[in-house]
Amino acid sequence: MLISSQFDSGNIEVVKAIEASDIRLKIRKDNQSDFYQWFHFRVSGVEDTPCKLTIENAGGAAYTDGWKDYKVCASYDRESWFRVDTAFDGETLSWECTPDQDFIYFSYFAPYSQERHADLVADAAQSPLVRTSVLGHTLDGQDMDLIELGYGPEGRKKIWLQARQHPGETMAEWWMEGALDYLLDLDNPVARKLLEKAHFYIVPNMNPDGSARGHLRTNAAGANLNREWNIATMDRSPEVYLVREKMAETGCDFHMDVHGDEGLPYNFIAGFEGIPSLKDRQMELIEMFQNILEKLSPDFQQEHGYDEDKPGEADLSMCTNYVAEAHGCLAMTLEMPFKDNADLPDPDYGWSPERCRHLARACMDTLHRMIDEL
Ligand SMILES: [Zn+2]
């Protein structure tokens with residue numbers, strides 16, 4: 001039996017792996033940070049062998065609420081990620097399985113590799129509607145890819161979509177895949193109308209270094225990018241700096257920052273209620289967006305979510321607050337679950353890449369219904 005994580009977004013340390021019935025593991029911390037929760041590894045040599053795997057340091061992870069009612073993701077073919085019953089006792093996370101095949105992958109959520117990211121950008125670039133560009137480099141020397149969609153007359157709305165500031169929140173890039181497929185379908189009347197009225201700026205992965213390194217939450221230098229928006233520098237958080245400066249140049253009428261939440265088993269939106277320059281119109285727009293999305297997708301709800309900031313108490317280092325304040329526009333953070341949508345559960349797959357794609361389509365339909373209001 002062998003355990004390996006020396007691949008894109010791999011993360012695990014082996015404490016003990018002598019007997020399959022007692023595999024002891026630890027999750028590695030994000031570089032120069034105390035955050036950890038993302039894991040992704042392969043176990044080989046275990047066909048028809050009863051295995052028990054235990055992550056010994058789960059109790060010290062960033063969001064221990066995330067382990068309650070959580071089921072680990074597993075895959076043989078790296079395409080289909082099914083769920084395995086998992087137990088958390090306050091300190092350790094453990095699960096048992098008897099694999100049908102010689103090797104099996106386990107991951108916190110269905111991974112989204114940098115190779116797949118490169119394919120996503122290259123596929124999009126084949127469309128006559130698309131221009132791709134590189135905003136600059138990350139600290140590890142990776143490209144910050146920007147996809148622009150929709151060219152035409154002046155005066156169209158500037159729509160910004162971005163995902164994976166927190167690299168372990170891979171559901172955010174699965175969402176991007178759904179949004180791009182939907183918008184680039186030349187037979188889709190909603191996409192055609194949207195692209196007539198809007199110019200899209202899409203950053204499908206805000207944190208390539210953290211993604212490749214198998215981080216939960218930070219970039220190569222240990223920066224939590226969603227706490228950098230008003231202080232970003234090229235030395236510490238070039239990812240935010242480059243996007244923020246580009247946005248300052250283009251303007252922004254709508255911004256959606258796509259995330260995953262470890263604890264809450266729901267899809268929800270967080271806004272910008274505490275920004276100093278809050279306008280009634282901004283609040284009307286975010287309510288409108290949520291009301292329409294709730295009608296269009298049974299996977300979206302407004303009952304469960306984060307507490308709103310008190311007036312004037314917004315943290316402007318966070319993207320949604322920063323953008324709503326700097327651009328006076330509608331901005332939002334979309335959160336999807338690592339676990340499942342408790343209102344519409346799927347015991348076999350939980351919240352999954354396909355469901356992320358569906359939610360993205362519903363978000364684009366919502367945007368279409370609101371585009372003239374922005
Ligand atoms: Zn996040």
Side-chain angles (χ1 to χ4, degrees), residues 9 11 27 29-31 33-40 61-67 70 73 107-112 117 138 144 160-177 179 202-230 232 237 239-240 243-244 255-272 300 304-309 314-324 331-341 351 353 355-356 359-360 363:
S9 79
N11 182 334
I27 304 173
K29 286 180 178 178
D30 293 4
N31 190 43
S33 139
D34 286 328
F35 290 114
Y36 67 88
Q37 192 135 6
W38 173 263
F39 57 89
H40 180 199
Y63 303 96
T64 48
D65 274 359
W67 304 133
Y70 168 74
C73 297
S107 190
Y108 185 28
F109 193 82
Y112 199 102
H117 166 83
T138 65
M144 284 298 295
W160 277 83
L161 309 174
Q162 66 175 49
R164 285 186 93 181
Q165 288 201 80
H166 298 139
E169 295 162 11
T170 54
M171 57 286 283
E173 198 159 6
W174 291 112
W175 183 100
M176 277 295 176
E177 212 174 276
I202 298 178
V203 185
N205 189 345
M206 281 291 293
N207 197 337
D209 294 351
S211 302
R213 285 168 175 257
H215 285 186
L216 175 75
R217 209 161 162 80
T218 73
N219 73 356
N224 174 357
L225 297 183
N226 204 25
R227 299 294 183 278
E228 292 281 319
W229 281 75
N230 58 351
S237 43
E239 302 89 346
V240 171
V243 171
R244 191 188 71 186
H255 188 277
M256 187 178 245
D257 185 25
V258 188
H259 286 252
D261 185 273
E262 291 78 1
L264 289 172
Y266 299 102
N267 291 289
F268 58 97
I269 279 172
F272 43 79
F300 181 76
H304 307 274
Y306 300 145
D307 292 338
E308 293 185 1
D309 289 329
D315 179 350
L316 295 176
S317 69
M318 296 172 74
C319 178
T320 291
N321 288 332
Y322 177 88
V323 173
M332 64 188 74
T333 310
L334 175 68
E335 297 280 354
M336 289 178 279
F338 277 86
K339 298 170 185 172
D340 202 349
N341 170 11
W351 190 248
R355 295 176 80 187
C356 298
L359 186 64
C363 289

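Whatever order the structure lists ligands and atoms in, that order sets their numbers, starting from 1.
- The backbone N or O of Tyr63 lies less than 3.5 Å from a partner atom in the side chain of Gln37, making a donor-acceptor pair.
- Within His166, the N, O or S atom lying nearest to the Zn ion (ligand 1) carries the name ND1.
- A side-chain donor from one of His259 and Asp257 sits under 3.5 Å from a side-chain acceptor of the other.
- Close placement of the Tyr108 and Trp67 rings is indicated, their centers lying within 6.0 Å of each other.
- Atom ND1 is the N/O/S atom of His259 found closest to the Zn ion (ligand 1).
- Here Asp261 does not reach the Zn ion (ligand 1): none of its N/O/S atoms is less than 2.8 Å from the metal.
- Taking all atoms of both residues into account, the shortest heavy-atom contact from Asn31 to Thr218 is O-OG1, 4.0 Å.
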